[in-house]
Amino acid sequence: MPVQLLKTVKEQSEIPLPSHLQNEDLKHLQEGCDHTNKYIQGIVVLSYPLTKLRDGTDFFKIVLQGLDDLCSRMNSINILIYGKMAEDCAKIIRHGDTFIVAGFKVIKSPTAREDGRHGCHLEVSEEAGSDIYSIAPKYVYTPLNQLKDGTIVNLYGVVKFFKPPYVSKGTDYCSVVTLVDPSNVKLTCTLFNGNPDSLPKIYKVGDIVRFHRIKIREFNGQMQGITSGGFASLTFDGTVGAPLVPRTSSKMYTFMDEEHKRIEELRVWAASNISISGPAAKLSSVQPMLFFDLTCQLVGKAQVDGSSFLLKVWDGTKCPYPTWRVPVEAKDVEGEKALLHQLRNLTVDILVYDNHVQLAKSLKIGSFLRIYSIHTKQASADNEDFSHIEFHLHGGTCYGRGIGVLPENNPDVKELKAFLGSVDLADSQNMESMSSVELDGTFSDFTDFESYLQRCQQLSVTVLTDHQHLNNTELKTIMNSTAPQQYRIRAKLRTYKPQKLHQSVKLHCSKCNSLQEVPDGDEFDFILQRSAVTAPNPELHNTSWYDSVMWTTQDQKQREIAIHFVRHDELLQQPENTLLMIEGGTLKEVLKLTKRFKCVIPVRSTEDDLELLDLSAPFLLQGNVKYYGCKQCSAPKPIKNLSSIAAEQQPSWEPTEIAQVLGIELLQYVFIMKFTLVDGTGALNAYLFDYEKFFQIPASEILTSNFLQEKMQMTMNMLCPPGRKLGDLPWLECFIKSYNVRDATKHRVCYQIFDTTVAEDVV
DNA sequence: CCTTAGGGTTGG
């Protein structure tokens, strides 16, 4: 019998199978039975490279999978092909092909135990009179550069642009998808379906789709794809290495090795050929006057009027600007009341218009959304001296404007969920306690967001306070030079440490140059408790320079508290000008006193004098600031030395002066940060060592002020906006100096920023 | 009903 090797049969019905041949199920295949009038059919799931046997015969092995039970390994069988037939098959047969063979020998498989396949294998060769029919896979995928008008094709593509399904003006939902493939040809497809679930589940640019039965037409001189009857799609995450899970509404679809390979290839191609958008923006990094995509959770929704609808959403981060509140009565907002209240400082109002209203109405509270191309608009109401920003999803679908619902298993949703779960709601409530007056005040100085954006792109967000005559030096040059030197640079802040800004505050001793962490309140409390064990010594009360008051607490502990008010000119002064010393108070009591009096010094009694507490505690509290002394360098002097300041004409009670008379080496609060600066020629880490000049925020006050912390966070967000690509980061002009650091084994050069400050219109 | 949209931001 002649060899039949069919290359281009598209449908199985076209195979000219001899009528005497009957299909044999793999299950019934046995060694020794007569199979002369039987054929075996299956799909090629594996093929091995063509090899030669020792006698020079060509040999080709494939694995065939039976059709009835695609999952079972038992249902697969090894086919060994010999001679010319092996050579021919190796050229033509590919994974996924349907393969029919008749005239085979059934041999007990020696490898069945290892490979778990059928107990027999088939041997096939011209000499044995075998017939092989190979049917190319049913689906042929057309590259985008080979599309022809009027055809219905299957294709793969990487999503370059898309509009999530929206309500069209006709009867269907519509989604517009632009694909590209390695042929570098673009194809825009307009897809319709009455059920949005039947449209491709694309969540981001870079996703990969497989379309079956899409109709190609020419429109305006370009090829265009349109849904035809039977259109079906699979969508995959386009990230190299991400799990290959097709997203589809079809219950039946073929997806085998061949498709896996195809997706992986496209992923690799896309990685270097598609500009994938950076990490999605969070509310904490939104910029006014821009458009952005937001991944968020729906907390509340409300009808506003006929053409607009309100969505209240959160993503766990706080928008650094005051945001608008769409005036809607609370009772008209659908959503969980308690949650709406609890999250009120983290949710933002997004007003959606026109064609988006219908879809917005149908959204379920609690669902995860990606809202595409939200417009952050700066409110420009006249006669208002403060700005807020508004979030609009304007009507229409330009630039993919729309709303997509993300499924719970979406990786971005999983990440968001985890993040939302970790948000400390108490924190955001504290921020709310910051008065609105304070907030409004901040932003009155920051009226023109647009000019900020412009200056980010051209000018610098930092300015030099000296040395303007110097020219810029490239980072590469600096890194190749010896230290110490000083340079003017122009660079971008790629990242900085610590990211938690409160961790950047340290205490610095200018005498011994040591740095230490700021002690926390608990430690102070503990020291106060310990010192309260010693009762105030009455003999030390009411001296020539202070008046003493003493009382016993009413609680069970019956603590004795003594307060010594330092006199000036023989008189007590107004509380706000008064320095007092306290013995036996708790942390709470001490802090309360600092609110009313100018200075508070915690002390304890010894036999013959008052003395300062352990220097792990602040030796002085003034306003919100706790002043510490260096344990190493301080040599405490008698408390009585304070009387010399009290005797001044107008005691200013400056911490430095108090420290000096008490023999305390004052520790200074500093910001210590590491800036990673880049300028296209190189990157270097430079330390910022700043008391208050750079941020124009005193390091000493930031730890006790939510307001200042917010302000500093905003400043950092402007110097290094989160979620932005390097090219979009603003420029910083800085002075840096290099210096040598040597220890026993190593020598390295470090850099420090100096004489630089954040530009006035940025803070 | 056999269309709808056919990519390229902003009115509220």
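Worth saying up front: this structure is predicted, and the values here are computed from it rather than measured. Only this structure's heavy atoms are used, side chains among them; waters, hydrogens and symmetry mates stay out. Chain naming here is simple, since letters A, B, ... match the order of the sequence lines and numbering starts at 1 in each.
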Can you measure A:Asn355 atom CG to B:dG12 atom P for me and round it to whole angstrom units?
17 Å
Please state how far atom CD1 in A:Ile374 lies from atom C1' in B:dG12, giving the value in whole angstrom units.
16 Å
Contact state string [nucleotides 2-9 of chain B, B base, S sugar-phosphate only, - no protein heavy atom under 4.0 Å]:
-BBBBBBB
Sidechain-backbone polar pair: A:Ser168 side chain, A:Cys174 backbone, donor-acceptor under 3.5 Å:
no
Applying a 4.0 Å non-hydrogen cut-off, can you work out what A:His394 is touching in the nucleic acid: base, sugar-phosphate, or nothing?
base
Would you indicate what A:Gly395 reaches in the nucleic acid, counting non-hydrogen atoms under 4.0 angstrom: base, sugar-phosphate, or nothing?
base
Could you walk me through whether A:Lys163 and A:Ser175 pass the side-chain hydrogen bond (donor to acceptor under 3.5 Å, both in side chains) check?
CA-CA 5 Å; A:Lys163 295 181 175 183; A:Ser175 182; over 6 Å; no
Audit row: A:Phe192, A:Tyr173, ring-ring contact (aromatic ring centres under 6.0 Å, His included) steps and yes/no
CA-CA 6 Å; A:Phe192 297 102; A:Tyr173 281 86; over 10 Å; no
Can a salt bridge be assigned to the pair A:Asp207 and A:Lys201 using a cut-off of 4.0 Å between side-chain N and carboxylate O?
no
Please say which of A:Asp293, A:Asp412, A:Asp315 ends up in a salt bridge (charged side-chain N to carboxylate O under 4.0 Å, His left out) with A:Arg370.
A:Asp412
Could you go through the ring-ring contact (aromatic ring centres under 6.0 Å, His included) check for A:His356 and A:Tyr166 one step at a time?
CA-CA 7 Å; A:His356 307 299; A:Tyr166 61 94; 7.7 Å; no
Indicate syn or anti for B:dG7, taking the glycosidic torsion and treating anything within 90° of 0 as syn.
anti
Can you find a donor-acceptor N/O pair under 3.5 angstrom joining the side chain of A:Asp354 to the base of B:dG12?
yes
